[in-house]
Amino acid sequence: MPLIIFSHANSFPASTYRVLFRSLRSRGFTVKAIDKLGHDPAYPVTDNWPHLAKQVAAFAAAEIEKAGEAAFLVGHSLGGFLSLMAAARQPQMGGHGVAGVVLLDSPLVGGWRSTALQVGKLTPMMEKMSPAGVSKTRRTHWPSREAALLAFQAKKAFARWEPQVLKDYIEHGMDIDIDGDGAQCVLGFNREIETAIYNTVPHNLESLLRRHRLQCPVAFIGGTHSREMKQVGMALTEKIAKGRITMTEGGHLFPMEYPLETARLVASQLQALQKLPTW
């Protein structure tokens with residue numbers, strides 16, 4: 001059974017993707033994932049995310065060694081960047097290596113945009129350029145899971161999610177905190193960590209990929225309404241993916257909106273990558 005190491009988007013624990021994972025497993029894949037990136041003190045959030053990439057690489061290496069076979073690294077947004085960084089830096093992780101990388105709406109920043117990003121991170125403008133301005137004041141508590149679900153269903157972005165995916169986010173991506181006032185539903189992904197991740201997004205991907213020559217093929221799946229793709233551009237992604245780019249209905253969070261179609265597309269890309277030689 002081909003092994004997938006999946007890495008999640010910022011603020012959405014891997015348990016949010018349970019519908020996607022079930023569909024991939026039904027197609028014959030083994031799926032393993034770190035539930036919450038950035039929350040292990042051994043792998044802190046720092047500029048350009050080197051420790052987060054090491055966290056993905058260490059987890060992947062252990063799973064690859066255990067399975068005795070190469071793995072595919074699949075990541076959504078944040079997870080896609082980290083998957084690519086890990087594959088570039090440690091192509092032979094776990095003794096068997098990386099068979100390929102699939103980026104789910106993780107457009108790579110390169111050229112003049114990377115310079116602008118580097119400068120932007122040194123100014124207060126960064127929080128206007130990214131979701132950090134929203135995440136730093138994000139609501140974190142609700143009276144119950146039921147109240148949290150109703151609140152998210154009323155939000156335009158979350159209303160587009162496949163219903164079971166949103167229920168999984170509430171059920172498995174949130175914690176119950178019992179204090180003197182009774183039980184409360186609390187965001188499981190720390191908002192300070194979420195904000196720090198947004199504020200330190202890598203501006204050095206192009207130079208990193210020049211230093212570390214990828215030894216596996218890369219594919220990209222993007223959402224037709226993805227604002228992130230328009231902001232970042234696709235020049236570097238097209239260069240790295242070498243034409244292996246597929247577009248699907250949805251926005252940046254299309255894996256939550258259309259999890260079954262996402263599973264189909266990921267499986268199709270992985271089957272295609274298996275037939276390609278390493279670079």
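Everything numeric here is computed off the predicted structure, so don't read it as measured data.
Expressed to the nearest 0.5 Å, how far OH of Tyr198 lies from CD1 of Ile193 amounts to 13.5 Å. With values rounded to the nearest 0.5 angstrom, Ser207 atom OG is found 5.0 Å from Arg211 atom CZ. Between the CD atom of Gln153 and the CD1 atom of Ile170 there is a distance of 8.5 Å, given to the nearest 0.5 Å. Within the model, atoms CG of Leu265 and CG of Leu270 stand 11.0 Å from one another, a figure rounded to the nearest 0.5 Å. How far OG1 of Thr195 is from NZ of Lys136: 8.0 Å, rounded to the nearest 0.5 Å. Atoms OG1 and CG, on Thr200 and Leu52 in that order, are 7.0 Å from each other to the nearest 0.5 Å.
Side-chain contact between Arg18 and Glu171 is absent, with no heavy atoms from C-beta onward closer than 4.5 Å. Side-chain contact check for Ser7 versus Leu37: some heavy-atom pair is nearer than 4.5 Å. Side-chain contact between His8 and Thr16 is absent, with no heavy-atom pair separated by less than 4.5 Å. The closest side-chain heavy-atom distance from Arg27 to Val266 is not below 4.5 Å. Side-chain contact between Leu273 and Val102 is present, with heavy atoms from C-beta onward closer than 4.5 Å. Within the 4.5 Å cutoff, the side chain of Glu228 has no heavy atoms near those of the Ser77 side chain. Looking at heavy atoms from C-beta onward, Pro2 lies in side-chain contact with Gln274 at the 4.5 angstrom threshold. Within the 4.5 Å cutoff, side-chain heavy atoms of Met174 are placed close to those of Leu187.
Looking only at distances, no side-chain donor or acceptor of Lys32 sits under 3.5 Å from a matching main-chain atom of Glu63. For Asn48 (side chain) and Pro50 (main-chain N/O), no donor-acceptor pair under 3.5 Å exists by modelled atom type. Judged by distance alone, with hydrogens and angles left aside, the side-chain atoms of Arg113 form a donor-acceptor pair with the main-chain N or O of Gln231 at under 3.5 Å. A side-chain donor-acceptor contact under 3.5 Å links His39 to the backbone of Asn190. Under the 3.5 Å distance criterion, the side-chain polar atoms of Asn10 are left unmatched by any main-chain donor or acceptor of Leu78. Within the 3.5 Å criterion, the main-chain N or O of Arg264 finds no donor-acceptor partner in the side chain of Ser268. When atom types are taken as modelled, the side chain of Thr123 and the backbone of Gly120 share a donor-acceptor pair closer than 3.5 angstrom. Between the side chain of Glu206 and the backbone N or O of Gly111, at least one donor-acceptor pair lies under 3.5 Å. Counting only distance, with no hydrogens or angles, the side chain of Arg191 and the backbone of Arg138 share a donor-acceptor pair below 3.5 Å. With hydrogens and angles ignored, the 3.5 Å screen pairs a side-chain donor or acceptor of Glu257 with a backbone N or O of Gly251.
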Item to check | Intermediate values then yes/no, side chain to side chain contact (heavy atoms under 4.5 Å, CB included), Ile221 and Leu104 | outcome: CA-CA 5 Å; Ile221 304 172; Leu104 303 181; 3.8 Å; yes
Next on the checklist: Determine whether Glu261 and Glu249 satisfy the following criterion, side chain to side chain contact (heavy atoms under 4.5 Å, CB included), listing intermediate values before the conclusion.
Outcome noted: CA-CA 9 Å; Glu261 175 63 7; Glu249 180 65 24; over 6 Å; no
Checklist entry - Is there a side chain to side chain contact (heavy atoms under 4.5 Å, CB included) between Ile176 and Arg145 once you walk through the steps? => result CA-CA 8 Å; Ile176 294 297; Arg145 293 195 194 279; 3.5 Å; yes
Next on the checklist: Show, in sequence, the C-alpha distance, side-chain angles and deciding distance for Leu24 and Phe6, and conclude whether the side chain to side chain contact (heavy atoms under 4.5 Å, CB included) test is met.
Outcome noted: CA-CA 11 Å; Leu24 287 170; Phe6 186 90; 5.6 Å; no
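Residues Pro255 and Thr262 come closest through the heavy atom pair CA-OG1, 3.5 Å. When all heavy atoms of His96 and Glu69 are compared, the pair lying nearest together is CB-C, 3.5 Å. Heavy-atom minimum distance, Leu108 versus Thr237: N-OG1, 2.8 Å. When every heavy atom of Gly75 is checked against every heavy atom of Ser106, the shortest pair comes out as O-OG, 3.9 Å. Heavy atoms only, all atoms of each residue included: Ala86 and Ala53 are closest at CB-O, 3.8 Å. The shortest non-hydrogen separation linking Cys216 to Val98 is CB-O, 3.4 Å.
Between the side chains of Gln269 and Thr246, at least one donor N or O lies within less than 3.5 Å of an accepting N or O.
Side-chain heavy atoms closer than 4.5 Å link hydrophobic residues (I, L, V, M, F, W, Y) into clusters, and following such links, possibly through other members, connects Leu253 to Leu260. Ile197 and Tyr43 fall into different hydrophobic clusters, where Ile, Leu, Val, Met, Phe, Trp and Tyr residues are linked whenever their side-chain heavy atoms come under 4.5 Å apart, directly or through other members.
Atom CD of Glu65 has 12 or fewer heavy atoms from other residues, nucleotides or ligands within 6.0 Å. Within a 6.0 Å radius of NZ in Lys36, other residues, nucleotides and ligands contribute more than 12 heavy atoms.
Applying the side-chain contact (heavy atoms from CB on, under 4.5 Å) test to Val201 and every residue at least two apart in sequence or in another chain returns Trp49, Leu117, Met126.
Pairs passing the ring pair (Phe, Tyr, Trp, His ring centres under 6.0 Å) check and including a residue from residues 203-260, sequence neighbours excluded, read His76-His252. Applying the ring pair (Phe, Tyr, Trp, His ring centres under 6.0 Å) rule to pairs touching residues 142-163 yields Phe12-Trp161, Trp142-Phe152, Phe152-Phe158, Phe152-Tyr169, Phe158-Trp161, Trp161-Tyr169, sequence neighbours excluded.
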